[in-house]
Amino acid sequence: MARMDAIDVFEMARRGSVTQGVLAFAAMPRLAQSLARREGTLAYRCAGGRDHRGRPALDLRIEAVLPLRCDRCGEELDLVLRAERSFFFVHSDAELAAVPIDESAEEALLGSARFDLAALIEDEAILQLPISPRHPACLAPGEATNASPPADRRRPFATLAGLRDRLRRASSAPRAAVPATAPATKSAGRRKPRSGSA
Ligand SMILES: [Zn+2]
């Protein structure tokens, strides 16, 4: 299960090609740091094409059972993750900056002939993680909101789309070149607005 090679997303969109497979949790260190165990895999399917505006696009589907740790009792907890996302690609930073951050389902990404698809997949899995994973039986009275489905959790992250794109652009170098401290900083940055605005 080797690391997924970088791909030419514009070529993938033009040909309408599909790539699918599995990624080991162990190959996704930023995700793995939130997991109770590193054994296991995440299934993905990426389909290139054009969106409704004719832009080069990618439909991503990911599926996994993530072993998390319950925040209350400390025991393992399986999260069934299933997500589908649509992206479209732009050719330059300037073009990306000109894309308004809105509530639309598609997210703009800076495309590349050497796009790190594995990093995108890992990002999407991380976005699906609950802030405070807990067994249903471990919820204290009045804490039922912690069990809200992923769809409800996405909205707080909508404003972070821009931040994420900036981070992605800043770290467009191969993953190996990213300092070891980067994942923690990035993760904390994502979660900050949730607690800060309460
Ligand atoms: Zn628990």
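Both ligands and their constituent atoms are indexed starting at 1 by order of listing.
Smallest separation of non-hydrogen atoms from Asp71 and Ser132: OD2-OG, 2.6 Å. Here the closest non-hydrogen pair linking Asp51 and Ala57 is N-CB, 3.6 Å. Counting all heavy atoms, side chain and backbone alike, Leu68 lies closest to Pro133 at CD1-CB, 3.9 Å.
Side-chain atoms of Val99 and Phe88, non-hydrogen and from C-beta on, do get closer than 4.5 Å to each other.
Listed for the Glu122 side chain is a donor-acceptor partner under 3.5 Å among the backbone atoms of Arg30.
Among residues two or more places apart in sequence or in another chain, the ring-ring contact (aromatic ring centres under 6.0 Å, His included) test is passed with Phe25 by none.
Looking only at protein N/O/S atoms, the ones less than 2.8 Å from the Zn ion (ligand 1) make 4 in total.
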